[in-house]
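Chain letters run A, B, ... following the sequence lines, proteins first, then strands; residues in each count from 1.
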Amino acid sequence: MAAYNPASIEPKWQKFWLDNHIFAAESISDRPKYYVLDMFPYPSGEGLHVGHPEGYTATDIVARYKRACGFNVMHPMGWDAFGLPAEQYAIKTDTHPSVVTRKNIQRFKSQLQSIGFSYDWQRQVDTTDPQYYRWTQWIFTILYDTWFDDQKNCGRPMADLIEEFNTGQRKPADGTSWQAMSEVAKRQLLESYRLAYQLEAPVNWCPALGTVLANEEVIDGRSEVGGFPVERRPMRQWMLRITAYAQRLLDGLSTLEWSESLKLMQRNWIGESQGAKVKFAVGDAVLEVFTTRPDTLFGATYMVLAPEHPLVNLTADKSSVPVAWPPETPLAWRGEPPAASPRAAVDAYQRATAARSERQRQEDTRKTGVFTGLFAVNPVNSERIPVFISDYVLAGYGTGAIMAVPGHDDRDFEFASKFQLPIRAVVRRPDQTNMPLPMTDPGIACHSPWIDGLPTGEAKEKMCQLLEEKQFGQRQITYRLRDWLFSRQRYWGEPFPIVHLADGTTVALAESELPLRLPEMSDFKPTQTIEPPLSKAQHWRDVHVRLIGLGENPKAEVVAAGAPGAVPARRELNTMPQWAGSCWYYLRYLDPQNAECFCDPSIEKYWLSHPAGVDLYVGGAEHAVLHLLYSRFWHQVLFDRGYVSSPEPFRKLVNQGLILGEAEYTLFSDDVGNPVSIIDVHPDWQSAPGPDGKMRFVSRRLSDGKELYASPVDPDAVERRGDVAVLKASPEIRVDARSFKMSKSRGNVVNPDDVIRDYGADALRLFEMFMGPLEQVKPWSMAGVEGVYRFLGRVWRHIAGTPDFPSRIVLERDGHLYRGEAELGEAESRLAREERESLLRPLHRTIRKVTLDIDRLSFNTAISAMMEFNNLLGKPATLDRDQMLTFVRLLEPFAPHMAEELHQLLTGSNESISRLPWPNCDEALCADDAVDLPVQINGKLAGRVMIDLNLADAEVLKRALADAQIQARLAGRPMKKHVYVKGRMLNLVVQG
RNA sequence: GCCCGGGUGGCGGAAUGGCAGACGCUCAGGACUUAAAAUCCUGUGACCGUUUUCGGUCGUGCGGGUUCGACUCCCGCCCCGGGCACCA
């Protein structure tokens, strides 16, 4: 056989798998199902980097292993292809985004196929395909048609709500009569219940890019792309009422096999707070606040509203903000500079707040604010306290208003100190009466007539009870989670299946109208205004519709202008955010071609009901919160509406760790080129262009602040000394040693294509897994790739043989041993049987280890177990074919191309090795019957004795004590006791 | 600031209460070769003694504790990585 040459075998098997649909999943089967899912990629123009195949290899190993164990395995791949980069690239190059996207998908697909992943490519999905986004739109109409019933704690169809209004079981909140309402008024009321609704909300508007940006896309008040200024401005937006599901999303977490840290991230994101809502009177109006410390109500000395709070809305018909300052209003309360009236002060402050970006608000936490001229009455003591507005109170959280208790809240304390407001202690530490304020820890209530002497926990409880009795307020749970801003002013996204009617109401399109395709536009660039690009597609935008179905909750069918019942309408011009398509793609894989529904219910049931959900989901931690929360939300809505059968989409989830670039050494030198030890370099490095135009790091010398410049150092010139790296040539100079995140600008990106070209896909796969634990951050190393490549070469040599090392494979047939066609002689046969016998235990141990390790996703140790076994194959004169076949079977999930090739060589079969069942390990063959037992004296290793594993405790002790070396170490000291752990070790406890 | 995760040879890592450093990389020596590469074999935690076979001491971020026995469990601290951050 020729030497191992991956280039000659890998493409052949990739084609074989594809042509024969080797990895196709059965949509429904008698076999148990196993659904192993990757986070599908955004097909960027850059192509794959070595980070992608990490998670993909892990899932591929599991998929191949589970198939071998008899499972019907779903292992699909697809494209999350809507999104801003494609759109911007399209604008720059004046090509249509669909063209760019198609090209990128092709590139990604061929790259993924060259790694030999066992995807069922017939199930591939593409979020930009109208046959896919048709169902994204359909799910949106389900969200639009769902309201959340707080009593039943689940989402229900709008028809049920209408029924409740019609029967009088439910009444409009403002006390008006449903029956007396106009059709339009009814529709408007219903809008306020829908999970998909519209809201005038402040967004990050970037005029230069002509689009709204997500918070993550805004850095320091400028756009991440291009660095253009971003402003906050209110715009009409679609929102999804994810907050209605906050408790369900929280409760569901405990049923999931996700890492605790990931669940915690989601819990923190949802941010449940228990407390109370308290009503304060402000003139004739009622001001509600949320507090987690109702026990400190007697310590409230002022109130603060968010600047955007409706009570201080100056544009309202009847603003409650007075026109003149109340007598004796301190100058400091009137604004900076002091305004002539509360209205002027509030107006100026509101403008100033609006001009500040979210980021600025977060970074500068110094307290500012103005007095509104209003006073509120504290319900518990009838005290009259001033009402301020300040941007430290957020409009989007709680009620957008707080009672300020400066004695027991750091922020209120800071504000009160600045504005000279009274600070009162109403909680004391159990052991002292006087303590410095603010005191935010729990303690004992004081100066609070209703609850004096109660510890904080009980005081809260008692206060809530009293508030409820006296109708001053009630218990309340508030979540940090906000409703999901769901619209974008972009072209390359899913159009909303919604039309706007002349009366200002909206109607969802009938199912027969889907997909609503993006209009073909030659000019899809952003407009220079706040209008989305789709506004330019006039022929598409302006339509006539006929309303069908229920009066209050109709659907729209597009008709010709003159048709009976036709009314003019305008399509929604926003598009959905990139998250939309990825919220449900795992459902479409199950039945990707279905034109009747998003997924056939019986197929959905087979794959998701038992055990519930996707069995293994692997992806990057960057999606720990948003994607995983959004998907869970959609899934729960679909579950409530009866469209899916599992309450949660992803049962087990694992985040693969980031792969960093190869280790780099950096030396700093001053402007005349003298090297500077890293201990004298300021740790804040800045990037700046050097004289050659390339980016380099610049820092300052700690001792004199002089500018220093970084340059890379050849690894051979560096020596590691403990924690530090020094120059070999001058060891007094320490250099910086670390691995950086791969990025195009650093030039340390490793392209999998290059690795495959030099070492093959199997070596790439193996190294990705051998680097270390899946979830850990790890630096890339080409030398490491070479290591696993050598391993594969040795496996090949042992099993296939090479010109230098002819094959030693022997095969037993009818009790006779053969090498090829030649029968072995008697002596040789005896030796071959002995050699087979001696490999039996190592082989079974390897089976056990590899099996267990795949189950616990510990791929690096599974690979080392196979390496250890392979290291035993060099010596014997013969190797048993069936044993080698078993070994190759174990290797298949990791290095499938080589495994196929060796399987074919060993058996002559034309079947794929993936069809062979997973080997069983014989436990009896895993254990040795004799061991070299370590013997300790007082916990320290003192010697060892050969013993039979089944030897009795007392006998083992006797043998140990008989050992000369151990006797010497005991030195005659009397033994107090001994501990024998069967087969593991013996510990002798003696004096001293 | 709060919340998670982690700290083991020159490097990636293994061992989850029982022989610390599996496996791989690196490096060194040897074999093959005219030579080199590739490949194969041997060695490779530090220190000390014998100076060869062998033996000893120390050693899992630091300091305490529990235990016959601790990388592993408990308490306190230091450092690194990640997440959240005016959320009332």
**Q** Which whole number of Å gives the distance between the C1' atom of B:A46 and that of B:U52?
**A**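 These two C1' atoms come out 22 Å apart once rounded.
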**Q** Look at the side chain of A:R984 and decide which nucleotide, out of B:C40, B:C23, B:G18, has an atom nearest to it.
**A**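 Of B:C40, B:C23, B:G18, B:G18 is nearest to the side chain of A:R984.
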**Q** Any carboxylate oxygen within less than 4.0 angstrom of a Lys/Arg side-chain nitrogen, looking at A:K263 and A:E260?
**A**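 A salt bridge links A:K263 with A:E260.
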**Q** I want to check something: taking the side chain as every heavy atom from C-beta on, are A:F740 and A:E664 in contact at a cut-off of under 4.5 Å?
**A**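 Touching, per the 4.5 Å side-chain cut-off.
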**Q** Measure the shortest side-chain to side-chain distance between A:L467 and A:K277 over non-hydrogen atoms and say whether it is less than 4.5 angstrom.
**A**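 No; the side chains remain at least 4.5 Å from each other.
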**Q** Output yes when at least one side-chain N/O atom of A:R790 is less than 4.0 Å from OP1 or OP2 of B:U26, else no.
**A**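 Result: yes.
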**Q** Using the 3.5 Å cut-off, write out each protein N or O paired with an N or O of nucleotides 53-61 of chain B and the distance between them.
**A**
residue: B:G56; atom: OP1; partner: A:R969; partner atom: NH1; Å: 2.9

**Q** Using a cut-off of strictly less than 4.0 Å, decide whether A:N871 has a side-chain nitrogen or oxygen near OP1 or OP2 of B:G24.
**A**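 Yes, within the criterion.
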**Q** Any residue in residues 395-409 of chain A with a heavy atom nearer than 4.0 angstrom to RNA chain B? Just list them by number, or reply none.
**A**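 Heavy-atom cutoff 4.0 Å gives A:Y397, A:I402.
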**Q** Please work out the stems of RNA chain B from pairs that are Watson-Crick or G-U wobble with both distances under 3.5 Å, keeping only runs of three or more consecutive pairs.
**A**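 When the pairs of RNA chain B are grouped into runs of at least three, the stems are B:1-7 with B:78-84, B:10-12 with B:23-25, B:27-31 with B:39-43, B:45-49 with B:54-58, B:61-65 with B:73-77.
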**Q** Check if the side chain of A:K976 and the base of B:C68 share a donor-acceptor pair of N or O atoms closer than 3.5 Å.
**A**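 A donor-acceptor contact between them is absent.
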**Q** Taking it one step at a time, do A:N987 and A:H978 satisfy side chain to side chain donor-acceptor pair (under 3.5 Å)?
**A** CA-CA 6 Å; A:N987 191 15; A:H978 71 279; over 6 Å; no
**Q** Rounded to whole angstroms, how far apart are CG on A:D804 and C1' on B:U33?
**A**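 Rounded to the whole Å, the gap is 12 Å.
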**Q** Please assess A:T861 against A:S858 for the test side chain to side chain donor-acceptor pair (under 3.5 Å), listing each intermediate value before the final yes or no.
**A** CA-CA 6 Å; A:T861 52; A:S858 178; 2.5 Å; yes
**Q** Just checking A:M985: base, sugar-phosphate only, or nothing, at a heavy-atom cut-off of under 4.0 Å?
**A**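 Base contact - A:M985 has a heavy atom under 4.0 Å of at least one base atom.
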**Q** What I'd like to find out is whether the side chain of A:V788 reaches to under 4.5 Å of the side chain of A:D762, using heavy atoms alone.
**A**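 A:V788 vs A:D762: side chains apart.
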**Q** Can you find a pair of side-chain heavy atoms, one from A:L250 and one from A:Y479, that are under 4.5 Å apart?
**A**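 Of all side-chain heavy-atom pairs linking A:Y479 with A:L250, at least one is under 4.5 Å.
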**Q** Mind checking whether A:V380 and A:F298 have side chains closer than 4.5 Å, heavy atoms only?
**A**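 The answer is yes; the side chains approach within 4.5 Å.
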**Q** Quick one: A:H798 NE2 to B:U39 P, roughly how many Å, whole number?
**A**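 Distance check: A:H798 NE2 to B:U39 P gives 13 Å.
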**Q** Base, sugar-phosphate, or nothing: which does A:S864 touch, judged by heavy atoms less than 4.0 Å apart?
**A**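 Counting heavy atoms under 4.0 Å across all strands, the contact made by A:S864 includes a base.
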**Q** Just how far, in rounded Å, is P of B:G83 from CH2 of A:W258?
**A**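 In whole Å, B:G83 P and A:W258 CH2 are 18 Å from each other.
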**Q** Looking across every strand, which nucleic acid part, if any, lies under 4.0 Å from A:Q776 by heavy atom: base, sugar-phosphate, or nothing?
**A**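 It contacts sugar-phosphate atoms only.
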**Q** Hey, does A:V393 reach any base, or is it just sugar-phosphate, or nothing, if we go heavy atoms under 4.0 Å?
**A**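 Answer is base: heavy atoms of A:V393 come under 4.0 Å of a base.
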**Q** Using a heavy-atom cut-off of under 4.0 Å over every strand shown, decide if A:D391 touches base, sugar-phosphate, or nothing.
**A**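 It contacts base atoms.
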**Q** Can you check the distance between B:G30 and B:G18, where both ends of the measurement are the P atom (answer in whole Å)?
**A**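 Those two atoms are separated by 42 Å.
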**Q** How far does the C1' atom of B:G63 sit from the matching atom of B:A14, given to the nearest Å?
**A**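 Taking atom C1' in both B:G63 and B:A14, they lie 27 Å apart.
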**Q** A:R856 near the nucleic acid: base, sugar-phosphate alone, or nothing, with a heavy-atom cut-off under 4.0 Å?
**A**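 The answer is sugar-phosphate, as A:R856 gets under 4.0 Å only of primed atoms, P, OP1 or OP2.
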**Q** Which label fits A:Y789 and A:Y4: parallel for a plane angle under 30°, tilted from 30 to 60°, or perpendicular past 60°?
**A**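 Rings of A:Y789 and A:Y4: tilted, as their planes differ by 30° to 60°.
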**Q** Report the residues that fulfil ring pair (Phe, Tyr, Trp, His ring centres under 6.0 Å) with A:F869, sequence neighbours left out, ordered by chain and then residue number.
**A**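 With sequence neighbours excluded, A:F869 shows a ring pair (Phe, Tyr, Trp, His ring centres under 6.0 Å) to A:F887, given in chain and number order.
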**Q** Salt bridge between A:R366 and A:E414, side-chain N to carboxylate O under 4.0 Å?
**A**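 Between A:E414 and A:R366 there is no salt bridge, as every charged N stays at least 4.0 Å from the carboxylate O atoms.
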**Q** Polar atoms only, N or O, under 3.5 Å: list the protein pairs with nucleotides 6-9 of chain B and their distances.
**A**
none

**Q** Should A:T243 and A:W484 count as side-chain neighbours, where that means a heavy-atom distance under 4.5 Å?
**A**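 A:T243 vs A:W484: side chains apart.
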**Q** Verify the ring-centre separation between A:F388 and A:F415: is it less than 6.0 angstrom?
**A**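 Distance test on ring centres: under 6.0 Å, yes.
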**Q** Under 4.0 angstrom, heavy atoms only, what part of the nucleic acid is A:R482 near: base, sugar-phosphate, or nothing?
**A**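 The residue A:R482 makes base contact.
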**Q** So, is A:R480 close to the B:C84 phosphate, meaning a side-chain N or O under 4.0 Å from OP1 or OP2?
**A**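 For B:C84, neither OP1 nor OP2 has a side-chain N or O of A:R480 closer than 4.0 Å.
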**Q** What nucleic acid atoms does A:S390 come within less than 4.0 Å of, heavy atoms only: base, sugar-phosphate, or nothing?
**A**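 Here A:S390 touches no strand at all.
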**Q** Have a look at A:Q936 and say if it touches a base, only the backbone sugar-phosphate, or nothing, with a 4.0 Å heavy-atom cut-off.
**A**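 The residue A:Q936 makes base contact.
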**Q** In whole Å, measure the gap between the C1' atoms of B:U53 and B:G43 for me.
**A**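 Approximately 16 Å lies between the C1' atom of B:U53 and that of B:G43.
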**Q** When you measure from the side chain of A:Q967 to the backbone N and O of A:L961, does any donor-acceptor pair fall under 3.5 Å?
**A**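 At least one qualifying donor-acceptor pair exists.
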**Q** Please list, chain by chain and in numerical order, all residues satisfying salt bridge (Lys or Arg N to Asp or Glu O under 4.0 Å) with A:R794, sequence neighbours excluded.
**A**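 A:R794 satisfies salt bridge (Lys or Arg N to Asp or Glu O under 4.0 Å) with no other residue.
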**Q** Classify A:L264 by what it touches in the nucleic acid, base, sugar-phosphate, or nothing, heavy-atom distance under 4.0 Å.
**A**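 Sugar-phosphate, no base atom in range.
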**Q** Looking for any heavy atom pair under 4.0 Å, which part of the strands does A:S781 touch: base, sugar-phosphate only, or nothing?
**A**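 If one applies the 4.0 Å heavy-atom cut-off, A:S781 turns out to touch nothing in the nucleic acid.
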